[in-house]
Amino acid sequence: QLTLAGDIVGVMRGVKVSSGARSMLKVAFDAARALADSAVGSLVSWDRIFDSANADNEFADENYLGTVGLQSLERADEDLAGKTPFARPSRILKVLWLMQQTTRVPCTESNLARLLVDDTRADVLDLETRLHATLEQLRAHNYVRQDAGSGQWRFLTPDEVTVEKIVSRIAGDLPAKDVRDRAAGL
């Protein structure tokens with residue numbers, strides 16, 4: 001996971017290296033420190049890495065998620081309260097967004113489940129089942145989509161959601177061939 005963390009932090013810094021950019025070691029240390037009072041066997045899941053990396057609200061920068069994107073993550077918890085096996089669906093969205101910052105790890109349910117594990121005693125198969133049900137609810141609420149060809153999941157930014165809704169509305173008014181032709185012209 002350290003190699004993956006290095007990739008993600010490198011991408012996050014991108015062209016813009018601000019004074020607010022924190023080192024991978026600090027992010028990992030902060031995330032691990034948050035588990036100091038946890039039971040033995042607790043693990044740093046990738047949503048905690050996201051929270052640690054965003055401690056100074058760095059992802060509010062438009063080069064990353066932007067303020068609207070961060071609000072979208074938190075709104076998922078409100079929109080899906082009591083409707084999913086995950087109490088906080090934003091955990092999934094945070095990990096998915098981090099995974100999208102590198103090509104090293106495909107954004108599959110299996111990989112996503114493993115990066116959400118927060119305890120060595122976790123039942124990964126049960127986690128995958130709960131994850132699948134939650135992803136389907138997130139899809140129904142336009143937070144994610146699954147690529148039909150690869151099966152990989154993608155967190156949709158608010159701008160991407162707007163485009164998806166426009167395409168859906170156009171698709172309802174036009175035959176499928178016309179939708180493909182118009183999309184190809186964009």
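- Contact annotation: the side chain of R154 never approaches that of C107 to less than 4.5 Å [non-hydrogen atoms, C-beta and beyond].
- For the pair S72 (side chain) and V68 (backbone), a donor-acceptor distance under 3.5 Å is absent.
- We find the CD1-CZ distance between I92 and R130 to be 9.0 Å, quoted to the nearest 0.5 Å.
- The backbone N or O of W153 sits nowhere less than 3.5 Å from a side-chain atom of Q146 that would complete a donor-acceptor pair.
- From L93, atom CG reaches atom CG of L135 across 8.5 Å, with rounding to the nearest 0.5 Å.
- Few gaps surround CG on N57; more than 12 heavy atoms of other groups in view lie less than 6.0 Å from it.
- The side-chain heavy atoms of P89 and D77, taken from C-beta on, include a pair separated by under 4.5 Å.
- For R88, the salt bridge (Lys or Arg N to Asp or Glu O under 4.0 Å) partners are D47, not counting sequence neighbours.
- Y143 meets the ring pair (Phe, Tyr, Trp, His ring centres under 6.0 Å) test with no other residue; sequence neighbours excluded.
- By the 4.5 Å heavy-atom criterion applied to side chains, T108 and L112 are not counted as neighbours.
- Relative to the six-membered ring of F86, R91 misses at least one condition, a distance below 6.0 Å or an angle of at most 45° to the axis.
- L138 and A76 make their closest contact through CD2-CB, 4.3 Å (heavy atoms, listed as atom of the first residue, atom of the second, distance).
- Rounding to the nearest 0.5 Å gives a distance of 8.0 Å between CZ of F59 and CG of L70.
- The closest side-chain heavy-atom distance from V117 to L127 is below 4.5 Å.
- In plain terms, the two heavy atoms of L65 and F155 that are nearest each other are CD2-CE2, 3.5 Å.
- Taking all atoms of both residues into account, the shortest heavy-atom contact from V105 to N111 is CG1-ND2, 3.6 Å.
- The main-chain N or O of W97 is found under 3.5 Å from a side-chain atom of Q101 such that the two form a donor-acceptor pair.
- Tested against L96 for a side-chain contact (heavy atoms from CB on, under 4.5 Å), the candidates V144, L156, L116, L115 yield a single pass: V144.
- Under a 3.5 Å cut-off, the side chain of E78 and the backbone N or O of R75 do not form any donor-acceptor pair.
- The backbone N or O of Q137 sits less than 3.5 Å from a side-chain atom of H141, completing a donor-acceptor pair.
- With 3.5 Å as the limit, one finds a donor-acceptor pair spanning the side chains of R114 and S110.
- Rounding to the nearest 0.5 Å gives a distance of 9.0 Å between CG of L73 and CG of N54.
- S42 contributes a side-chain N or O that, together with a main-chain N or O of A39, makes up a donor-acceptor pair within less than 3.5 Å.
- Closest approach of G69 to P158, counting heavy atoms only: CA-CD, 3.9 Å.
- With contacts defined as side-chain heavy-atom distances shorter than 4.5 Å, the pair R48/K94 does not qualify.
- Looking at D147, its side chain never comes within 3.5 Å of a backbone N or O of Q152 through a donor-acceptor pair.
- Nearest heavy atoms, T102 versus R104: OG1-N, 3.1 Å.
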